Asker: 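Once you've had a glance at the structure underneath, I'll fire off some questions.
All of these numbers come straight from a predicted model, not from anything done at the bench.
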Amino acid sequence: MAFSPDDTKEKKKNINQTMLLCCKLYISESRNKEVLDSIERAAKLQPETVIVKKFEDGAYNRVRYTMVSYVAHDSTGCPIYSPLHQTVVAMAEAAFAAINLELHSGTHPRLGVVDDIIFHPLGRASLDEAAWLAKTVAAEFGNRFQVPVFLYDAAHPAGKALAIIRREQGYFRPNVMGTQWAGWIKPANYFERPDEGPSTISGARGVTVIGASPWIATYNVPILSTDFSVTRRIAQKVSGRGGGLPTVQTIGLVHGEDTTEIACFLLDFNKVGADRVQNRVEMLASQEGLGVEQGYFTDLSPEMVTEIYIKSISANSD
């Protein structure tokens, strides 16, 4: 939904700065500085969105931008606008203009140039509001960029999980030398109709998944081994799906020339935190005769994200 300057004046009356949404935007590029600069210039066109964290990994050839802004409501309390919408679309437009997925390679899987977009509620915002924005952005993506969009978690009518969509699309199967991903991944299974956008896929752009969920922490644990098959086996045993820790999803990845890594998604950090994940990985690795380094979070906590946003907005308003 587009807004005119007059609409902007009206929506300002209905802004509550404790009603915040966070967007994590994953793009399949991290090695080309000029491309990243163009994406970040596009983000600056919307000053009411704050990029609170940028995480880029050269081996993965992947970047994630963590961004925050408010959500405005109409007189009945329904969400009608968030600056995040304009920011994400502008950044995606820059990414699609500069990146060809068929020429892309890295040690992290991906389905598209703009690979994954997830919205989280912060402060007094609700999951429904995050889902509303996810669906709004998805509709524009499908129409404007002509990319198939698959919705997941709270943005999907039936709450379909991201991992299921990724398995359907062949996301977890390396297609180069058994350890890396290159070009667009053609799904091995029947290609289901997307929630938004065309059913045909451009190999240059791929597909985009867009979802909404409560906060997800990302925690990576380096394994001191180049044996990718062992790392994948450990990763499977750590995950809830593999009989390991509940509310934990994992993927084993090659990370540079000398190490591998287990990327962990903590779906309920209050239930299973980083300490339990670290201990589990260390125990399983020791059984394989392997050493493990201390893991690290790739993002900030919700509290830190909110604090950075508020400080940035306060500084800009002075």
Asker: Parallel, tilted or perpendicular: which one describes the rings of Phe141 and Phe96, with boundaries at 30° and 60°?
Answerer: perpendicular
Asker: So Tyr219 and Phe269, do their side chains get closer than 4.5 Å, heavy atoms only?
Answerer: no
Asker: Flag yes if more than 12 heavy atoms outside Lys54 fall under 6.0 Å of its NZ atom; otherwise flag no.
Answerer: yes
Asker: Between Gln46 and His85, do the side chains contain a donor N or O and an acceptor N or O under 3.5 Å apart?
Answerer: no
Asker: Verify, without hydrogens or angle tests, whether Ser30 (side chain) and Val63 (backbone) share a donor-acceptor contact under 3.5 angstrom.
Answerer: no
Asker: For Ser105 and Ala182, work out which heavy atoms get closest and say how close.
Answerer: CB-CB, 4.0 Å
Asker: Are a donor atom and an acceptor atom from the side chains of Arg64 and Thr298 found within less than 3.5 Å of each other?
Answerer: yes
Asker: Any chance you could lay out the side-chain contact (heavy atoms from CB on, under 4.5 Å) test for Ile216 and Leu266, step after step, and finish with the verdict?
Answerer: CA-CA 6 Å; Ile216 296 174; Leu266 313 184; 5.8 Å; no
Asker: Consider only side-chain N and O atoms of His104 and Asn61, and report whether a donor and an acceptor are under 3.5 Å apart.
Answerer: yes
Asker: Please report the closest heavy-atom contact between Leu21 and Ala125, naming both atoms and the distance.
Answerer: CD2-CB, 4.0 Å
Asker: Is the gap between the ring centers of His255 and Tyr60 under 6.0 Å?
Answerer: yes
Asker: Begin from the C-alpha positions of Trp215 and Val305 and carry the test side-chain contact (heavy atoms from CB on, under 4.5 Å) through to its verdict.
Answerer: CA-CA 11 Å; Trp215 191 263; Val305 165; 3.9 Å; yes
Asker: Indicate whether any N or O donor in one side chain lies under 3.5 Å from an N or O acceptor in the other, for Asp116 and Tyr152.
Answerer: yes
Asker: Counting heavy atoms not belonging to Met283, are there more than 12 under 6.0 Å from its CE?
Answerer: yes
Asker: Among side-chain atoms of Ser225 and Asp227, is any donor-acceptor pair under 3.5 angstrom?
Answerer: no
Asker: Run the salt-bridge test on Glu40 and Lys44 with the 4.0 Å N-O cut-off and return the result as yes or no.
Answerer: no
Asker: Is any NZ, NE, NH1 or NH2 atom of the basic residue among Asp37 and Lys33 found under 4.0 Å from an Asp or Glu carboxylate oxygen of the other?
Answerer: yes
Asker: Counting heavy atoms not belonging to Glu257, are there more than 12 under 6.0 Å from its CD?
Answerer: no
Asker: Side chains of His73 and Glu129: any donor to acceptor distance under 3.5 Å?
Answerer: yes
Asker: Determine, stepwise, if the pair Asp115 / Tyr171 fulfils side-chain contact (heavy atoms from CB on, under 4.5 Å).
Answerer: CA-CA 11 Å; Asp115 189 57; Tyr171 179 89; 4.0 Å; yes
